[in-house]
Amino acid sequence: MIDAEATKADQTTYRPDMMAVGYRCNLVIISYLKRAVAMPGATVAETMELLEALNGFVDTILTAEAVAAVQPACNTAVAMIHESMKLPTKEWGVLGRADLFSEFVRLNPSLRTAIELCDPTRSATSERAVA
């Protein structure tokens, strides 16, 4: 006999492994942009441009809370991202590939937190504000 309540819970529970490759890639890029925001020497205009870019990632699945939860990339992650930039543009999805993304999560556990804050069942438009 199938437990209807358990089945319903399975269908509505969001697990990190359900995150689409494109969103995982976006989270890595968000961590990279946050690193750039934290770097000294940027002009106010450059910082504003980066913050606006971060805000542009917010949608109904990748919530403002999730974007805000992502911490800046570490030196190793930045080096990995720089290596990926040598690939043709169409290959950038490699950043979200499960095996590589797992390494990014190991280096930056806030990516897992961000995934947990995402809500694929959300229907209302998320507020476009990033902390």
Side-chain angles (χ1 to χ4, degrees):
M1 181 174 181
I2 297 175
D3 183 351
E5 288 300 313
T7 302
K8 183 178 178 183
D10 287 344
Q11 292 172 349
T12 59
T13 301
Y14 185 63
R15 298 182 323 265
D17 64 330
M18 294 171 61
M19 174 67 69
V21 171
Y23 281 108
R24 291 192 307 242
C25 185
N26 285 350
L27 289 172
V28 172
I29 293 168
I30 289 165
S31 71
Y32 183 75
L33 292 176
K34 285 195 171 188
R35 169 72 177 254
V37 168
M39 298 298 289
T43 66
V44 172
E46 291 167 335
T47 301
M48 289 304 298
E49 187 175 334
L50 289 169
L51 291 173
E52 287 174 8
L54 285 167
N55 193 50
F57 285 99
V58 176
D59 64 19
T60 57
I61 294 173
L62 189 55
T63 63
E65 298 82 11
V67 172
V70 175
Q71 294 298 308
C74 67
N75 291 339
T76 302
V78 167
M80 291 168 61
I81 294 165
H82 284 172
E83 285 300 311
S84 75
M85 288 179 180
K86 295 176 184 175
L87 297 170
T89 305
K90 65 181 180 180
E91 300 296 326
W92 267 56
V94 71
L95 293 175
R97 204 176 65 202
D99 57 338
L100 188 55
F101 186 74
S102 293
E103 185 62 19
F104 282 114
V105 170
R106 186 185 70 73
L107 294 168
N108 186 349
S110 72
L111 298 176
R112 179 176 302 284
T113 302
I115 289 174
E116 292 168 355
L117 290 169
C118 290
D119 185 358
T121 63
R122 207 169 176 161
S123 60
T125 302
S126 191
E127 188 175 319
R128 296 183 74 82
V130 178

Could you give the side-chain donor-acceptor pairs of residues 66-79 under 3.5 Å, partners two or more places apart or in another chain?
from  : atom 1 : to    : atom 2 : distance (Å)
Asn75 : OD1    : Arg35 : NH1    : 3.1
Asn75 : OD1    : Arg35 : NH2    : 2.4

Mind checking what makes side chain to side chain contact (heavy atoms under 4.5 Å, CB included) contact with Leu33, not counting sequence neighbours? Ile29, Leu50, Ala53, Leu54, Phe57
State which residues pass side chain to side chain contact (heavy atoms under 4.5 Å, CB included) with Ala38; sequence neighbours excluded, sorted by chain then number. none
Count I, L, V, M, F, W, Y as connected when their side-chain heavy atoms are under 4.5 Å apart, and connections chain through other members. Are Leu95 and Leu87 then in the same cluster? yes
Min side-chain heavy-atom separation Leu100-Met80 under 4.5 Å: yes
Pairs where residues 100-111 contributes a residue and the test salt bridge (charged side-chain N to carboxylate O under 4.0 Å, His left out) is met, not counting sequence neighbours: Glu103-Arg106
Judged by atom type as modelled, is there a donor-acceptor pair below 3.5 Å linking the side chain of Arg24 to the main-chain atoms of Arg97? no
Test side-chain hydrogen bond (donor to acceptor under 3.5 Å, both in side chains) applied to Asn108 - qualifying residues, sequence neighbours left out: Ser110
Applying side-chain hydrogen bond (donor to acceptor under 3.5 Å, both in side chains), can you list everything that pairs with Glu52, at least two apart in sequence or on another chain? none
If every non-hydrogen atom of Val58 is compared with every non-hydrogen atom of Thr63, which pair is closest and at what distance? CG1-C, 4.1 Å
CD-OG1 distance between Glu49 and Thr43, expressed to the nearest 0.5 angstrom: 8.5 Å
For Phe101, check ring pair (Phe, Tyr, Trp, His ring centres under 6.0 Å) against everything at least two apart and list the hits. none
